[in-house]
S.K.: 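Right, I'll just put the structure down here and ask away after.
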2 protein chains.
Amino acid sequence: MTFSLTSPFRKTFSNSLREKGLRPTKQRECVYGIILDKRDHPTADDIYYRVKKYLPGTSFATVYNCLETLVGCGLVRQVNMDRSPTRYCPNLTPHAHFKCNKTGRIYDIQIDEDTLSRMNALVPQGFEAENIDLSFSGTGNALEN
Amino acid sequence: MTFSLTSPFRKTFSNSLREKGLRPTKQRECVYGIILDKRDHPTADDIYYRVKKYLPGTSFATVYNCLETLVGCGLVRQVNMDRSPTRYCPNLTPHAHFKCNKTGRIYDIQIDEDTLSRMNALVPQGFEAENIDLSFSGTGNALEN
DNA sequence: AGTTATAAATGGAATTATTCTAATTATTAA
DNA sequence: TTAATAATTAGAATAATTCCATTTATAACT
Ligand SMILES: [Mn+2]
Ligand SMILES: [Mn+2]
Ligand SMILES: [Zn+2]
Ligand SMILES: [Zn+2]
């Protein structure tokens with residue numbers, strides 16, 4: 001059994017890929033579905049093992065390939081904290097990340113427009129920022145989930 | 001010839017180490033001096049080759065050991081952007097980093113108190129942030145240096 | 001100064017996340 | 001269908017960093 005996206009997500013998925021002349025394969029759909037399904041910022045490794053439950057033949061290289069493709073299409077975002085393995089996030093709104101050093105869990109933190117524009121205003125003249133990255137680490141309650 | 005710190009820095013250096021019962025070795029002094037000397041956010045690799053000019057017998061492991069020690073003493077900070085090699089920064093004031101995707105150079109960007117406290121205010125109740133990390137990437141003029 | 005205890009430095013091997021390569025398989029369009 | 005092309009696969013390669021066992025340096029104490 002393959003991992004099937006629900007209608008609205010499947011539409012976004014195949015449109016985004018086809019716009020770039022890429023093919024909506026079952027591996028790509030599965031990887032995307034898994035990232036959407038449990039928004040816990042999984043690593044490639046995490047994703048690999050989850051994908052295997054649906055498509056047992058999937059290789060590690062494929063997971064990395066799919067992730068690169070999905071990032072390239074703007075469907076998911078990479079999250080890097082320190083030197084730990086890259087994590088993947090389907091939340092496309094402007095948001096920061098909080099990593100709890102006790103549990104290792106990563107939480108989304110919304111950024112309001114005001115604070116966001118203040119952060120952007122830090123960038124001096126002559127510089128053009130294409131990307132902002134804000135992350136916190138410390139300890140956080142794990143009440144949610 | 002060993003890399004010698006100027007008096008005020010040497011004082012900070014040996015005090016910070018001795019506070020933790022650590023020894024101010026010539027390798028540690030050299031690594032610290034190199035990071036202070038050219039504030040270009042060098043990688044361990046960069047630092048290794050610069051150190052070798054002063055202390056040719058230095059090993060890679062030692063550079064990593066010294067860096068870990070200096071970070072532990074709060075004399076330098078690690079800067080991580082994406083998955084690229086860790087860089088080292090002697091600027092201990094609250095500041096963000098801007099990476100130019102064309103040149104690879106990393107620039108310090110000061111953060112004013114106001115913006116800083118707004119960023120801190122994003123952290124929800126129940127979470128205690130020990131660290132903030134703000135980084136930008138894009139294109140920047142390389143006029144300085 | 002000389003001895004001893006401990007910390008640090010060293011070279012090389014090991015680890016680990018990620019990327020690359022060459023061969024096979026799937027998808028699409030004609 | 002067939003042919004062209006793109007994607008997947010297994011495994012090798014890469015690269016930053018860490019680990020390990022040994023040697024050397026440092027500092028405290030005679
Ligand atoms: Mn895992
Ligand atoms: Mn270099
Ligand atoms: Zn997120
Ligand atoms: Zn800096």
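All heavy atoms count here, side chains included; hydrogens, waters and symmetry mates do not.
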S.K.: Go through the steps to decide whether Phe13(A) and Leu70(A) satisfy the test side-chain contact (heavy atoms from CB on, under 4.5 Å), and finish with yes or no.
M.R.: CA-CA 9 Å; Phe13(A) 169 71; Leu70(A) 294 171; 4.1 Å; yes
S.K.: Does Lys52(B) have any salt bridge (charged side-chain N to carboxylate O under 4.0 Å, His left out) partners at least two apart in sequence or in another chain, and if so, which?
M.R.: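 Scan of Lys52(B) (salt bridge (charged side-chain N to carboxylate O under 4.0 Å, His left out), adjacent residues dropped) gives none.
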S.K.: Roughly, in whole Å, what's the span from CD in Gln78(A) to P in dA17(C)?
M.R.: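 Distance, rounded to whole Å: 15 Å.
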S.K.: Not counting sequence neighbours, which residues clear ring-ring contact (aromatic ring centres under 6.0 Å, His included) with Phe9(B)? List them please.
M.R.: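 Phe9(B) satisfies ring-ring contact (aromatic ring centres under 6.0 Å, His included) with no residue once adjacent residues are dropped.
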S.K.: Does any part of the side chain of Leu116(B), heavy atoms only, come nearer than 4.5 Å to the side chain of Ile132(B), both counted from C-beta?
M.R.: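 The answer is yes; the side chains approach within 4.5 Å.
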S.K.: Output the rest of the hydrophobic cluster of Met81(A): all Ile, Leu, Val, Met, Phe, Trp and Tyr residues reachable through side-chain heavy-atom contacts under 4.5 Å, sorted by chain and number.
M.R.: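 Reading the cluster by chain and number, Met81(A) sits alongside Val79(A), Ile106(A).
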S.K.: Can you name the salt bridge (charged side-chain N to carboxylate O under 4.0 Å, His left out) partners of Arg118(A), sequence neighbours left out?
M.R.: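 If we apply the salt bridge (charged side-chain N to carboxylate O under 4.0 Å, His left out) test to Arg118(A), skipping adjacent residues, the hits are Asp114(B).
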S.K.: For each nucleotide in nucleotides 25-30 of chain C, reading 5' to 3', give B when a protein heavy atom comes within less than 4.0 Å of its base, S when such contact involves only the sugar-phosphate, and - otherwise.
M.R.: -BBS--
S.K.: Which ILVMFWY residues can you reach from Leu92(A) by hopping between side chains whose heavy atoms are under 4.5 Å apart?
M.R.: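 Besides Leu92(A), the cluster holds no residue at all.
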S.K.: Compute the bend angle of the helix from dA1(C)-dT30(D) to dA30(C)-dT1(D) from the end axes (five pairs per end), rounded to 10°.
M.R.: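 Inter-axis angle at the ends, rounded: 30°.
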S.K.: Glu29(B) has an atom CD; how far is it from atom P of dA9(C), in whole Å?
M.R.: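 Value for this atom pair: 12 Å.
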S.K.: For a quick check, with a 4.0 angstrom heavy-atom cut-off, what is the B/S/- contact string for nucleotides 10-24 of chain D, read 5' to 3'?
M.R.: BB----SBBB-----
S.K.: What residues from residues 30-37 of chain B pass a heavy-atom cutoff of under 4.0 Å to DNA chain D?
M.R.: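 Here the set is empty: none.
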S.K.: Counting only N and O atoms by type, is there a donor-acceptor contact under 3.5 Å from the side chain of Arg83(A) to the main-chain atoms of Arg83(B)?
M.R.: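 Indeed, once roles are kept as given, a pair shorter than 3.5 Å links the two residues.
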S.K.: Identify, with sequence neighbours excluded, every residue that meets ring-ring contact (aromatic ring centres under 6.0 Å, His included) alongside Phe98(B).
M.R.: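 If we apply the ring-ring contact (aromatic ring centres under 6.0 Å, His included) test to Phe98(B), skipping adjacent residues, the hits are Phe127(A).
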S.K.: In sequence, state the C-alpha distance, the side-chain angles, and the governing distance for Ile111(B) and Leu122(A), and then conclude on side-chain contact (heavy atoms from CB on, under 4.5 Å).
M.R.: CA-CA 7 Å; Ile111(B) 307 179; Leu122(A) 295 172; 4.2 Å; yes
S.K.: Answer yes or no: is there a side-chain heavy-atom contact under 4.5 Å between Ile109(A) and His95(A)?
M.R.: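 No, their side chains stay 4.5 Å or more apart.
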S.K.: Going by salt bridge (charged side-chain N to carboxylate O under 4.0 Å, His left out), name the pairs with one or both residues in residues 60-79 of chain B, residues two or more places apart or in two chains.
M.R.: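 For residues 60-79 of chain B, and leaving out neighbouring residues, there are no salt bridge (charged side-chain N to carboxylate O under 4.0 Å, His left out) pairs at all.
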S.K.: Donor-acceptor pairs are to be reported for all side-chain atoms of residues 27-37 of chain B against protein atoms at under 3.5 Å, with residues two or more places apart or in another chain.
M.R.:
from     : atom 1 : to       : atom 2 : distance (Å)
Arg28(B) : NH1    : Arg23(B) : O      : 2.7
Glu29(B) : OE1    : Arg10(B) : NH2    : 3.2
Glu29(B) : OE2    : Leu5(B)  : N      : 3.0
Glu29(B) : OE2    : Arg10(B) : NH2    : 2.9

